[in-house]
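Labels below follow one simple rule: chain letters A, B, ... track the order of the sequence lines, proteins then strands, and each chain is numbered from 1. Excluded from the calculations below are hydrogen atoms, water molecules and symmetry mates; all remaining heavy atoms, backbone and side chain alike, are included. This one's a predicted model, so the numbers in the text were calculated from it and none came from an experiment.
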Amino acid sequence: MVKAVKGTLVKCDASIKAMLVDIDEKHGHDFIIEELDEEHILVKDTKIAELKSRLQGMMKERLKEPESSGSE
Amino acid sequence: MSSSSQALEYLEQQPLKTHTKLYEQPSTVLAIFRCMLPHLAKTLVMAMLYMTGPFPADDLDAWFRADGKKDKGKALTVLDRLHIMTTAVAVAVTGARTTTYGLAPRFATSLREALTGGGSHRSFGVPASTTGAERVTVHFLEQYATKQWENILFYMVGSTVGLAGGGEGVGGEVGEGTKALLKMGEFIHIAGRNVRITKKGFEFVLRDTNAQVWSLLIVYLQNAPALGMSETDVLSFLFLLGSLSIGQDYTTSTLSPTQLQMLEDLSAFGIVYRPSSTSPSFYPTRLAVTLTSDSGSLQQRSTTTTTTPKETRGSATEKGFIIIETNYRLYAYTNSLLSIAILSLFTKLTTRFPNLVSGKLTRDSISRAVKLGISSAQIISYLQAHAHPQMMRNTTILPPTVMDQIRLWEYEGERVETTSGYVMKEFESEKEYRDLVEYAESLGVLVWRSDARRCFFVDQIDQIGTYLQRKKK
């Protein structure tokens with residue numbers, strides 16, 4: 001029987017996906033419903049905003065941002 | 001997003017009952033036909049309008065080339081969701097089943113009435129009979145609409161960027177009702193006396209005026225039942241407004257109580273003008289008559305609408321005042337506080353002269369905007385739409401480096417793309433999977449598929465559900 005699962009499809013590149021999976025693991029698998037392939041995962045509708053903000057936080061921590069070339 | 005697609009989306013969510021009621025008004029039907037339906041759907045409706053009997057699906061298929069299947073599916077989807085087209089399955093004596101299509105009778109009657117005239121309906125508005133001495137000019141209506149609408153926009157933007165209460169033409173008082181509406185639509189966030197614009201609000205401000213009007217009206221519609229107004233009444237009045245002509249006054253005596261109440265609110269938005277709140281007539285403004293047309297309302301005075309004669313150019317949000325250099329410096333020849341406020345959402349403005357502001361697009365200013373929910377595409381299209389005539393002469397209006405950089409800056413902040421919907425999986429056979437995935441593709445709802453895993457993702461499921469049920473029988 002065909003099954004329909006409600007959720008939000010997240011499309012991202014593989015490196016970001018790894019981070020998302022990492023976040024999911026650290027928080028008791030509360031976000032991801034299913035990993036679909038290397039670039040797509042299915043996330044709970046209610047958790048997508050939180051996941052996004054956690055990803056932002058993680059990226060800030062891990063990636064050194066280049067100094068902005070803001071000379072006037 | 002184009003303005004009418006918003007309205008279409010809203011309309012599609014309405015139940016059959018609402019649709020049937022709406023289709024009693026020829027003006028509504030004409031408006032839907034004119035601006036909501038895709039062109040192919042229009043062709044189908046026109047072809048079927050004067051057909052006497054049901055139209056076999058096989059005959060319809062014969063009209064399409066094999067490669068047009070996808071477009072056909074989309075057109076039929078829209079017609080089906082709006083309950084314009086009905087599908088019937090007839091079983092012949094031989095046991096063969098044939099699917100036939102037909103237009104919803106109410107819709108067809110009203111459209112015929114709208115196209116050929118006739119009937120005693122007053123659905124296109126009744127001009128006021130007393131042409132009093134105090135008739136207002138079109139020019140006045142333009143200014144009125146512009147002023148009211150800019151007030152609303154400035155209320156949203158100005159308070160966020162700290163320019164509130166500036167006076168200078170804009171920044172006037174916005175009605176409590178309008179404020180409540182903006183809050184309800186989550187365009188602004190009010191905490192005590194502080195007003196902050198939200199992510200949705202930014203999207204709102206950067207859209208073209210027509211789309212803005214619709215966004216606000218859709219919030220209004222959703223809220224109508226709470227105010228004791230019937231949604232159908234409100235909707236058909238909006239469609240009626242779209243068919244009026246500017247500069248003409250219309251009598252209020254043929255309107256229902258709901259619609260009279262609406263007039264009050266609409267004049268606060270600048271969509272209609274009434275000399276006084278007890279006046280027996282009202283004037284539609286540019287915002288109203290462009291509701292159901294695709295041409296722009298305030299900024300772009302186009303000549304494509306049949307209902308609006310060519311008009312004098314208003315100074316509203318004057319077109320073409322932004323110059324951008326390849327070094328990301330931006331000069332905007334404007335003294336409109338609204339324009340400055342909008343620019344400051346994504347630009348680091350440094351200097352303001354009487355007729356010019358200058359600044360720079362920086363990584364910080366763009367990523368701040370992106371964080372607030374403005375997309376690079378929105379920024380670029382805003383800059384393009386308001387580029388100085390001098391820049392318009394270039395083949396690419398904006399310097400390509402600047403456009404690319406804006407996109408890259410956005411990409412830094414936003415690394416994922418999300419779509420809400422449903423995953424379909426656990427198909428019993430390859431054939432079943434193929435069948436459904438192809439159906440989803442023809443409907444245009446397919447977002448992602450994996451043949452290896454036999455599952456796919458759709459952003460809408462209603463029709464797939466009905467399709468599956470129909471197949472089960």
Side-chain angles (χ1 to χ4, degrees), chain A residues 1-25 27 29-72, chain B residues 199 327-329 348 350-351 358-367 370-371 405 409 411-429 432-433 435-437 440 446-462 464-465 467-469 471-472:
Chain A
M1 192 51 219
V2 185
K3 230 169 97 182
V5 183
K6 184 155 176 44
T8 300
L9 184 76
V10 176
K11 182 178 185 292
C12 54
D13 50 38
S15 59
I16 300 292
K17 189 200 155 195
M19 285 170 131
L20 293 177
V21 171
D22 188 27
I23 293 171
D24 185 56
E25 269 166 15
H27 295 88
H29 298 281
D30 209 15
F31 298 97
I32 298 179
I33 303 172
E34 195 177 351
E35 292 175 37
L36 296 169
D37 63 12
E38 297 82 48
E39 299 195 332
H40 293 87
I41 49 176
L42 190 68
V43 178
K44 291 177 189 166
D45 277 343
T46 47
K47 291 282 183 180
I48 188 72
E50 192 187 335
L51 184 62
K52 266 190 184 172
S53 71
R54 283 193 192 277
L55 176 68
Q56 294 277 350
M58 194 180 242
M59 296 219 313
K60 228 178 232 166
E61 238 170 68
R62 294 196 178 174
L63 304 171
K64 274 276 165 259
E65 312 230 318
E67 284 301 308
S68 58
S69 53
S71 60
E72 289 301 313
Chain B
K199 186 174 162 174
N327 58 8
Y328 310 111
R329 285 185 194 281
K348 187 178 173 202
T350 44
T351 330
S358 76
K360 195 173 179 185
L361 296 173
T362 66
R363 185 168 167 280
D364 285 346
S365 72
I366 297 287
S367 61
V370 168
K371 240 173 243 154
Q405 191 60 65
W409 278 330
Y411 187 65
E412 270 174 24
E414 191 70 29
R415 300 294 284 268
V416 295
E417 197 179 295
T418 60
T419 328
S420 142
Y422 298 82
V423 165
M424 308 291 297
K425 57 180 186 181
E426 292 174 29
F427 289 90
E428 267 155 21
S429 65
E432 192 186 359
Y433 165 74
D435 181 49
L436 203 61
V437 82
L446 186 70
V447 182
W448 168 85
R449 66 191 276 182
S450 162
D451 292 350
R453 301 189 46 172
R454 270 197 212 156
C455 62
F456 62 91
F457 188 90
V458 291
D459 54 7
Q460 268 179 12
I461 201 167
D462 320 357
I464 302 228
Y467 180 75
L468 281 175
Q469 270 175 3
K471 236 177 50 170
K472 235 187 266 171

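For B:Glu428, the part sitting under 4.5 Å from any heavy atom of chain A is the side chain, from C-beta outward, and nothing else. With a 4.5 Å cut-off on non-hydrogen atoms, B:Thr419 touches chain A through its backbone and its side chain both.
Every residue was checked against the side chain to side chain contact (heavy atoms under 4.5 Å, CB included) condition with A:Ser53, not counting sequence neighbours, and none meets it. Partners of B:Phe457 by ring pair (Phe, Tyr, Trp, His ring centres under 6.0 Å), not counting sequence neighbours: none found.
For chain B, the option among A:Asp37, A:Thr8, A:Leu20 with the highest count of heavy-atom pairs below 4.5 Å is A:Thr8. When each of A:Leu36, A:Ile16, A:Val10 is checked for heavy-atom pairs under 4.5 Å with chain B, A:Leu36 comes out on top.
A distance of 9.0 Å separates CG in A:Leu42 from CH2 in B:Trp448, rounded to the nearest 0.5 Å. Taken from SG in B:Cys455 to NE2 in A:His40, the straight-line distance is 11.0 Å, to the nearest 0.5 Å.
Residues B:Glu417 and A:Glu39 form no side-chain contact, since every pair of their non-hydrogen atoms from C-beta on lies 4.5 Å or further apart. Counting heavy atoms from C-beta on, the side chains of A:Lys6 and B:Ser420 come closer than 4.5 Å. A:Val2 has its side chain out of reach of B:Tyr433: every pair of non-hydrogen atoms, C-beta onward, lies at least 4.5 Å apart. Between A:Leu9 and B:Thr418 there is no side-chain heavy-atom pair separated by less than 4.5 Å.
Shortest non-hydrogen contact noted between A:Glu34 and B:Lys425 is OE1-NZ, 3.0 Å.
By the neighbour-count criterion of 12 heavy atoms within 6.0 Å, atom NZ of A:Lys44 is densely surrounded, having more than that number from other residues, nucleotides or ligands. No more than 12 heavy atoms of other residues, nucleotides or ligands lie within 6.0 Å of CD in A:Glu38, so this atom counts as exposed by the packing criterion.
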